[in-house]
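Below is one structure, written out as structure tokens; comments come after it.
First the proteins, then the strands, lettered A, B, ... as listed; each starts at 1.
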Amino acid sequence: MVSPFGEFKSQVEKYLSEIGLGDQVERLEVPSDLRLGHLALPLFHLHGKPINLVEPSGLIASVNVNNNYLNFKCNIKKLSEATFNQIKEMGENYCNNRVQGMQVIIEHTSANPLHPMHIGHARNAFLGDSLARLMKARGHFVKTHFYVDDMGLQVMIATIGFKNSPKKPEGVKPDHWIGFVYAVANIMYEIAGINSKLNENGSDYSSLVKKRDELIGYAASLREKFPKEFDELSSSLSKMSLNEWERAISTMIRGMEVKDQSTLKLVRDLVNTALLGFKETLDRVNVNFDEWDWESQQATEEDIRGLVESVQDSPFKMLYKGVLAVDCNAVAKLPEASKDLTLIEKAGKEIPPMLLLRSDNTTLYQTRDVIYSIKKLASADEVYNVVGAEQSLAQLQVKLALYAINHPKASRLHHVPYEMVRLPGRKMAGRYGSYVTLDEVIDLAVLMASNEIRRRNPQMDEQALIKSSEAIGIGAIKYALLSVSAQKVVEFQVERALNFEENSAPFIQYAAVRANNILSTASKRGIMIPEEPDFSNLTDEAEQEIILLCSRLPDTVAYAADTLHVEALASNVMEIADKFNSYYARVPVLTADNYSVIGARLALSKIVYMSLRSALSLLGIAIPEKMRTYLQPRIKLACCSAKAIQTTIAG
RNA sequence: GGGCCCGUGGCCCAUUAUGGAUCAGGGCGCAGGUCUUCGAAGCCUGUAUUAGUGGGUUCAAAUCCCACCGGGCCCGCCA
């Protein structure tokens, strides 16, 4: 399937080869001003080589040379027809742009089940989810995977806490509870470490005490949350010496690797509790997973032995501080690996070795990740890992390890990096229980949305209010995170994301709701969209621009999916909403002069609505049914200010 | 010390993949206008930029190359 605009482009390409410029098609571009044309070929490098134009046909309305450009104008009437027909045929799948499908695995979010998800996980989840939707629209067979980390050191600390912890109080979200238990346990563990160091000679007494005071500070704020539970938990954990902690932890790590049933059960209980909370949140934001891959189930002893042997047998084994490692530098010089150009260029010259085993022969996270990658590659043509940019080196090492053992699909493993999200004025420390949870941010967004709706539409019934608030509040967060290129650090300012004005999801949703409203008003008045609207009525510049934008949408989807640039789709959608908003404010649809014009404009509204709906669905953003506004002066209510609400929640 | 990423009006973002048309687009903010007519989360008018700095390649650079400056991140027998 090719986009309507893509059809125009291929006709232009055909035309170019007819006049002997077939080798120039790569230079075709969209002109800066559509009055100049709709596709243009710069002629500078041809230096006056004569061009013999022939009569255009099909979607090409005219061809002319102007200012050293060969300009092609599209027959907007025919382009509108093509777009309209494609939308009639494909409905909300209009944006789909299928190519030969591949088996694709996208691993994303994979938040540690030790604390609730925060806004950074949201960026990961929304990016991964949107990429999955985009690739499906591209015709790929996509499976989304969540990698559940149930094996790390930190998990064991949490589990020890969990074993000693009182019951979760009624009404507390399970992952929030685990976050509390983990933070208390970790603080107690760290304090035990400090206490033991304080008994040694020659330790830096004052800095240790300072660190311990800091930990006690964190503990104090944790105690405020659940005083009774805190006291119970901390008093049983405080009996443990550092030695006891370390023995318990390493016994458990060992237990996990040999699949000791009682250890597995303990850890599984903890992790399942956290996942219950994750699923609730992910469900609310409509992010779904096909598979939940538990780390402990991925790397069997056999897998580990196999990997170790492969490395041993490879020319890239090395000993680093006495333990087995992969010589990443040497691997990077492999022809196959260096063909993976971007990879090597981005890596720089000195790549530290990747350690495979601890000196007690237990595995490290990366070792398990190599095994997990092999498993993913076994069932997919391409594997994408949406993982924070701070792990670029680690991700690179995993890939190089695959090259080291000569894995045939090493080049098919891709790291999709994204930069961190900051919250102004807040330092997050998951290990100490200091964070703003994603749940809080969502609650705030939805609350603000519902305040807005209530202000603008006091009569909306409760059911509709809740549904619309969710669509608007969550849409706003998603758009704020997806519209910015993933490689930029973003500062997430709630009041900015929820501004609800231009450049936001609500703005786009508003345009869609309005377009849809025009359609439903028409149908209420018995006005039907003609089977074959006369698009020659669309003579307004804005109308033509809207058609062009919508007709290109499937191309943007292809670009976004193939190059992993979700933000390209986000800004294309914004352009459509922007143009349509200013268009309908100026040009009447239902009260136009005659039925022929009404029909064409109605069809245009349909094109806009379906385009937005289709594109927004690929971003995972819902369209609310109603955003009605009553005719009343705009009053800025104090209680609606984000700051006030944020303060309330923070307090 | 080494590496990766980012740097666009007072603030935020797009454009950077494939360099192109003497107006670099939006938004926020600020100043003003606009609801009896398809819903004002809208629309219209005004306001502001040496595209970090300097050099190079080119007929043409925000875009490619080099250097420098500023910010973020990474370099752990943590994950």
A:Gln487 side chain N/O closer than 4.0 Å to the phosphate oxygens (OP1, OP2) of B:C6? yes
Note: for A:Thr363 and A:Leu70 on RNA chain B, the residue whose nearest nucleotide lies more 5' is A:Leu70
How far, in whole Å, is B:U50 from B:C69 if one measures between their P atoms? 24 Å
Check every strand shown and say whether A:Leu28 touches a base, only sugar-phosphate, or nothing at a heavy-atom separation below 4.0 Å. nothing
Measure CE/A:Met256 against P/B:A79 and give the value in whole Å, please. 13 Å
To the closest 0.5 Å, what do you measure between CD1 (A:Ile249) and CD1 (A:Ile253)? 7.0 Å
Taking only the side-chain heavy atoms of A:Leu153 (C-beta and beyond), determine which of B:C23, B:C78, B:G42 contains the nearest atom. B:C78
For A:Asn112, report the nucleic acid contact type (base, sugar-phosphate, nothing); a contact means any heavy atom under 4.0 Å. sugar-phosphate
Would you mind telling me which of B:A21, B:C6, B:C43 lies closest to the side-chain atoms of A:Ser32? B:A21
Taking side chain as C-beta onward, heavy atoms only, is A:Tyr583 less than 4.5 Å from A:Val608? no
What residues, two or more places apart in sequence or in another chain, satisfy side chain to side chain donor-acceptor pair (under 3.5 Å) together with A:Gln154? A:Tyr182
So A:His565 and A:Tyr559, would you call those rings parallel, tilted or perpendicular, with 30° and 60° as cut-offs? parallel
Gap in Å between the two P atoms, one belonging to B:A67 and one to B:G72, rounded: 22 Å
When you compare B:U22 with B:A60, how far apart are their C1' atoms, in angstrom units rounded to a whole number? 13 Å
Those residues at least two apart in sequence (or on a different chain) that pass side-chain contact (heavy atoms from CB on, under 4.5 Å) with A:Asn581 are A:Phe507, A:Tyr510, A:Ala511, A:Tyr584
Check A:Arg358 with A:Asp360, please: is the shortest side-chain N to carboxylate O separation under 4.0 Å? no
Can a side chain N or O of A:Tyr365 be found less than 4.0 Å away from OP1 or OP2 on B:A79? no
Output yes when A:Asp540 and A:Arg586 qualify as a salt bridge under the 4.0 Å nitrogen-oxygen rule, no when they do not. yes
Of all residues at least two apart in sequence or in a different chain, which pass the side-chain contact (heavy atoms from CB on, under 4.5 Å) check with A:His121? A:Ala111, A:Met117, A:His118
For the CG atom of A:Asn124 and the OG atom of A:Ser110, what is their distance to the nearest 0.5 Å? 7.0 Å
Roughly, in whole Å, what's the span from CG in A:Asn124 to P in B:A79? 19 Å
Mind checking if A:Pro31 touches a base, just sugar-phosphate, or nothing, with heavy atoms under 4.0 Å? base
Distance between P atoms of B:C44 and B:U8 (Å, rounded): 27 Å
When the P atoms of B:A48 and B:G3 are considered, how many whole Å apart are they? 43 Å
So, using side-chain contact (heavy atoms from CB on, under 4.5 Å) as the criterion, who are the partners of A:Gln487 when residues are at least two apart? A:Ser485
What integer number of Å spans the P atoms of B:C4 and B:C59? 31 Å
Pairs where residues 559-581 of chain A contributes a residue and the test salt bridge (Lys or Arg N to Asp or Glu O under 4.0 Å) is met, not counting sequence neighbours: A:Arg138-A:Asp562, A:Glu545-A:Lys579
Here the distance between atom P of B:C28 and atom CG of A:Asp578, to the nearest Å, is 10 Å
What is the distance from CD1 of A:Ile453 to P of B:A40, rounded to the nearest Å? 16 Å
The ring pair (Phe, Tyr, Trp, His ring centres under 6.0 Å) partners of A:Phe72 (sequence neighbours excluded) come to A:Tyr15
Counting only side-chain N and O atoms of A:Arg514, is one of them less than 4.0 Å from OP1 or OP2 of B:A40? yes
In whole angstrom, what separates A:Arg456's CZ from B:A41's C1'? 4 Å
Closer than 4.0 Å, any side-chain N/O of A:Arg586 to the OP1 or OP2 of B:G42? no
Pull out every protein N or O sitting under 3.5 Å from an N or O of nucleotides 73-77 of chain B, one pair per line with the distance.
from	atom 1	to	atom 2	distance (Å)
B:C77	O2	A:Ser359	N	2.5
B:C77	O2	A:Ser359	OG	2.9
B:C77	N3	A:Ser359	OG	2.7
B:C77	N4	A:Lys321	O	3.3

Just checking A:Ser582: base, sugar-phosphate only, or nothing, at a heavy-atom cut-off of under 4.0 Å? sugar-phosphate
Gap between atoms CZ and P, on A:Phe507 and B:A41 respectively (whole Å): 12 Å
If you take all heavy atoms of A:Ala570 and A:Leu619, which pair is closest and at what distance? CA-CD1, 4.1 Å
From B:C78, B:C38, B:C23, nucleotide with atom closest to A:Asp33 side chain: B:C23
Under 4.0 Å between any heavy atoms, over every strand shown, what does A:Val587 touch: base, sugar-phosphate, or nothing? Just pick one. base
Strictly under 4.0 angstrom, non-hydrogen atoms only: write out the protein contact profile of nucleotides 57-65 of chain B, one letter per nucleotide from the 5' end, B, S or -. --B------
Based on Watson-Crick and G-U pairs with both distances under 3.5 Å, what dot-bracket line describes RNA chain B 5' to 3', crossing pairs as [ ] and inter-strand pairs as |? (((((((..((((......[....))))((((((.......))))))....(((((..]....))))))))))))....
Rounded to whole angstrom, note down the C1' distance from B:A17 over to B:A61. 16 Å
For A:Glu190, salt bridge (charged side-chain N to carboxylate O under 4.0 Å, His left out) partners two or more places apart: none
Rounding to the closest angstrom, what is the interatomic distance between B:U63 and B:G25 at atom C1'? 15 Å
For nucleotides 13-15 of chain B, tabulate all protein N/O to nucleotide N/O atom pairs closer than 3.5 Å, reporting atom names and distance.
from	atom 1	to	atom 2	distance (Å)
B:A14	OP1	A:Ser485	N	3.1
B:A14	OP2	A:Lys488	NZ	2.5

Describe the nucleic acid contact of A:Asn361 in one word from base, sugar-phosphate, nothing, applying a heavy-atom distance below 4.0 Å. nothing
Answer with yes or no whether the side chains of A:Tyr372 and A:Asp293 bring together a donor and an acceptor at under 3.5 Å. yes
Round to a whole Å and report the spacing from CD of A:Gln493 to P of B:G27. 19 Å
Indicate yes or no for a side-chain donor-acceptor contact from A:Ser130 to the backbone of A:Phe126 under 3.5 Å, with no hydrogens or angles considered. no
Result block: side-chain N/O donor-acceptor pairs under 3.5 angstrom for residues 597-607 of chain A, not counting sequence neighbours:
from	atom 1	to	atom 2	distance (Å)
A:Arg601	NE	A:Glu543	OE2	3.2
A:Arg601	NH1	A:Pro588	O	2.7
A:Ser605	OG	A:Arg601	O	3.0

What form does the base of B:C4 take, syn (within 90° of 0) or anti? anti
Can you measure A:Asp23 atom CG to B:U18 atom P for me and round it to whole angstrom units? 18 Å
Looking only at side-chain atoms of A:Leu590, point me to the closest of B:A21, B:C38, B:A41. B:C38
